[in-house]
Amino acid sequence: MSTFIKGLEGVVVAQSQLSYIDGQAGQLIYRGYHIHDLATHSSFEEVAYLLWNGRLPTRAELDDLKHQLALNRQLPNGLLAILRSFPTTAAPMAALRTAVSAAAMFDPEAEDVSLEASRRKAIRLTAQIPTIVAAYERLRRGEEPILPREDLDQAANYLYMQTGQVPDPENARALDRYFILLADHGMNASTFAARVTTGTLADMHSAITSAIATLKGPLHGGANQKAMEMLLEIGQPDKVDDYIKRALAEKRRIMGFGHRVYKTEDPRATVLRRMSKELCEKMGATKWYEISRRIEELVTTEKKIYPNVDFYSASVLYVLGIPVDLFTPMFACSRIVGWTAHVLEQLADNRLIRPRAEYVGPKDLTYVPIDERG
Ligand SMILES: CC(C)(COP(=O)(O)OP(=O)(O)OC[C@H]1O[C@@H](n2cnc3c(N)ncnc32)[C@H](O)[C@@H]1OP(=O)(O)O)[C@@H](O)C(=O)NCCC(=O)NCCS
């Protein structure tokens with residue numbers, strides 16, 4: 001009999017060649033390449049190729065992937081009609097979850113679980129998810145969705161579809177680096193959900209719908225939004241100490257801190273902190289960086305927990321002009337690559353994922369007919 005481990009902490013549920021996390025040393029590696037190197041030198045499309053194919057692309061292979069992504073960005077009319085029918089008050093993650101589930105019904109290969117069809121669906125979903133997020137954002141503001149552009153990369157095209165303006169190249173590159181940093185992260189909760197769904201041989205869209213539903217929670221992808229709400233509530237650097245000391249005294253969780261695996265600084269936070277500083281300075285909004293730094297000083301000293309990926313993502317996305325409740329959908333625009341890569345890895349060597357529960361309830365009770373119950 002195996003022992004019960006709450007939250008499956010430390011339990012190994014798969015062998016994977018996708019990403020390696022050293023929680024003690026604070027390292028993250030995708031398919032052998034250190035995240036800092038990828039964030040400095042690579043692009044999101046190149047990282048997508050790497051995660052899906054196991055090696056970096058040649059120039060021709062990268063161009064081909066970019067072309068395929070660009071060709072698949074536009075949403076089928078029926079799917080757009082569904083988006084138009086959503087209440088404008090819907091949470092964007094709920095809209096995304098529902099739209100991705102609905103996208104299956106417009107995908108000619110939806111029910112084909114072969115590796116080849118699943119690879120094509122990985123590209124289609126990666127192309128479509130940013131379009132869904134941007135289209136819903138515009139619809140809820142009472143504006144018409146903007147058609148994607150084939151000549152822009154994933155990050156620049158997202159900003160274009162949200163605002164209608166071709167973005168400043170430095171801002172587009174910042175979002176591209178954010179997408180690189182969040183593309184995969186071992187057996188996190190949403191990836192596990194995708195693999196469990198795939199383990200039953202359900203299709204790619206079902207797996208990704210499970211993953212999006214799981215990412216939504218504030219203990220996972222929802223933390224970036226919560227972290228920004230905290231920064232906005234604090235509002236000024238001189239208000240940080242009071243707020244954080246009170247929050248810690250009341251045993252509240254500080255969103256964007258702590259991690260199941262990292263016992264030191266999350267290597268993605270190192271890059272994002274630097275990006276936050278540079279972008280906040282560039283956009284004339286240094287207070288968000290200053291507030292973040294002071295929160296970090298207090299929380300690391302008092303609680304010995306470190307910022308995770310979501311903490312500095314908050315100020316980065318905010319100064320890039322992303323609405324706060326689109327932060328978690330932004331996470332999904334990146335993690336779709338990791339989820340789909342895990343689905344492909346699961347499919348290539350599948351076995352149903354079916355753990356057990358330790359039953360701790362009563363046994364051998366006597367059934368009492370309803371009229372005789374007191
Ligand atoms: C990420 C997270 C869910 C990991 O949780 P976990 O591995 O189950 O760790 P636990 O919830 O058991 O926490 C361990 C201890 O650290 C404390 N802790 C963990 N994260 C904390 C936080 N963000 N703020 C304050 N205290 C925190 C817990 O209260 C607990 O303390 P205790 O032992 O005195 O009760 C948790 O750190 C968290 O809730 N962070 C905030 C949400 C977040 O940023 N999520 C994004 C993750 S990338």
Side-chain angles (χ1 to χ4, degrees), residues 26-28 30 33-47 130 152-160 162-163 165-183 185 221 223-232 234-240 254-257 259 262 264-300 306-324 326-331 333-335:
Q27 280 188 347
L28 171 61
Y30 295 166
Y33 297 94
H34 284 262
I35 194 70
H36 288 173
D37 283 342
L38 293 170
T40 308
H41 303 296
S42 185
S43 66
F44 177 59
E45 288 81 353
E46 193 173 44
V47 163
L152 297 175
D153 289 347
Q154 288 286 107
N157 179 59
Y158 172 78
L159 292 170
Y160 168 73
Q162 186 194 297
T163 62
Q165 309 288 323
V166 175
D168 166 324
E170 275 178 18
N171 290 5
R173 173 61 180 150
L175 188 62
D176 182 61
R177 293 179 79 196
Y178 168 83
F179 284 168
I180 293 171
L181 292 169
L182 277 88
H185 204 237
N224 54 11
Q225 175 178 339
K226 297 278 177 212
M228 191 66 222
E229 286 166 0
M230 172 178 70
L231 300 189
L232 290 166
I234 295 173
Q236 294 300 334
D238 63 0
K239 301 262 168 52
V240 172
I254 312 298
M255 289 294 154
F257 284 84
H259 201 275
Y262 293 116
T264 178
E265 176 156 301
D266 180 333
R268 302 165 298 175
T270 319
V271 182
L272 285 159
R273 185 191 295 107
R274 210 162 43 233
M275 285 170 62
S276 166
K277 181 170 191 296
E278 288 167 8
L279 276 173
C280 288
E281 280 170 3
K282 178 183 165 204
M283 307 304 275
T286 49
K287 79 168 179 178
W288 302 118
Y289 176 72
E290 287 162 20
I291 293 174
S292 305
R293 279 297 278 165
R294 183 64 191 147
I295 296 174
E296 181 183 358
E297 276 169 23
L298 290 171
V299 176
T300 48
Y306 299 89
N308 59 49
V309 70
D310 290 313
F311 186 62
Y312 283 100
S313 295
S315 47
V316 164
L317 294 175
Y318 191 74
V319 296
L320 286 175
I322 311 285
V324 177
L326 293 194
F327 285 13
T328 312
M330 282 296 104
F331 192 153
C333 288
S334 163
R335 187 56 61 81

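Each residue takes its place number in the sequence, starting with 1.
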Would you call [X] and [Y] a side-chain contact if the rule is heavy atoms closer than 4.5 Å?
{"X": "Leu175", "Y": "Leu317", "answer": "yes"}
{"X": "Phe331", "Y": "Tyr178", "answer": "yes"}
{"X": "Gln225", "Y": "Glu229", "answer": "yes"}
{"X": "Met330", "Y": "Leu182", "answer": "no"}
{"X": "Gln165", "Y": "Leu159", "answer": "no"}
{"X": "Leu326", "Y": "Gln162", "answer": "yes"}
{"X": "Glu265", "Y": "Glu296", "answer": "yes"}
{"X": "Phe311", "Y": "Met230", "answer": "yes"}

Would you give the length of the straight line joining atom [atom1] of [X] to atom [atom2] of [Y], rounded to the nearest 0.5 angstrom?
{"X": "Leu298", "Y": "Ile254", "atom1": "CG", "atom2": "CD1", "result": "9.5 Å"}
{"X": "Asp266", "Y": "Arg273", "atom1": "CG", "atom2": "CZ", "result": "10.0 Å"}
{"X": "Met228", "Y": "Ser313", "atom1": "CE", "atom2": "OG", "result": "12.0 Å"}
{"X": "Leu28", "Y": "His185", "atom1": "CG", "atom2": "NE2", "result": "5.0 Å"}

Main-chain N/O of [Y] paired to [X] side chain as donor or acceptor, under 3.5 Å:
{"X": "Tyr289", "Y": "Leu279", "result": "no"}
{"X": "Asp153", "Y": "Ala155", "result": "no"}
{"X": "Tyr312", "Y": "Val271", "result": "no"}
{"X": "Tyr262", "Y": "Pro307", "result": "no"}
{"X": "Asn171", "Y": "Leu320", "result": "no"}
{"X": "Arg177", "Y": "Ala39", "result": "yes"}
{"X": "Ser276", "Y": "Leu272", "result": "no"}

With a 3.5 Å cut-off and no angle check, do the side chains of Gln154 and Tyr158 form a donor-acceptor pair? no
Ignoring hydrogens and geometry beyond distance, is a side-chain donor-acceptor pair present between Thr328 and Asn224 at under 3.5 Å?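 Yes, Asn224 and Thr328 have a side-chain donor paired with an acceptor closer than 3.5 Å.
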Lys287 atom NZ: more than 12 heavy-atom contacts under 6.0 Å: yes
As a quick check of understanding, evaluate salt bridge (Lys or Arg N to Asp or Glu O under 4.0 Å) for Arg294 and Glu297, giving each step before the final call. CA-CA 5 Å; Arg294 183 64 191 147; Glu297 276 169 23; 2.7 Å; yes
Quick check: closest heavy atoms across [X] and [Y], and the distance to 0.1 Å?
{"X": "Ile234", "Y": "Lys239", "result": "O-CB, 3.5 Å"}
{"X": "Met255", "Y": "Ala223", "result": "CB-O, 4.0 Å"}
{"X": "Ile322", "Y": "Phe327", "result": "O-CE1, 3.2 Å"}
{"X": "Val47", "Y": "Ser42", "result": "CG2-OG, 3.7 Å"}
{"X": "His36", "Y": "Thr270", "result": "NE2-CB, 4.2 Å"}
{"X": "Asp310", "Y": "Gly221", "result": "OD1-O, 4.5 Å"}

Salt-bridge contact Asp168-Lys282 (side-chain N to carboxylate O under 4.0 Å):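 Salt bridge flag = yes for Lys282 with Asp168.
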Under 4.0 Å between a side-chain nitrogen and a carboxylate oxygen: does that hold for Glu281 and Lys277? yes
Show your reasoning for whether side chain to side chain contact (heavy atoms under 4.5 Å, CB included) applies to Ile295 and Leu231. CA-CA 9 Å; Ile295 296 174; Leu231 300 189; 3.5 Å; yes
State yes or no: are the ring centers of His41 and His34 separated by less than 6.0 Å? no
Show your reasoning for whether ring pair (Phe, Tyr, Trp, His ring centres under 6.0 Å) applies to Tyr306 and Phe257. CA-CA 5 Å; Tyr306 299 89; Phe257 284 84; 8.9 Å; no
Report the relative orientation of the aromatic rings in Tyr318 and Trp288; use parallel for angles under 30°, tilted for 30 to 60°, perpendicular for over 60°.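 Perpendicular, since the angle between the ring planes exceeds 60°.
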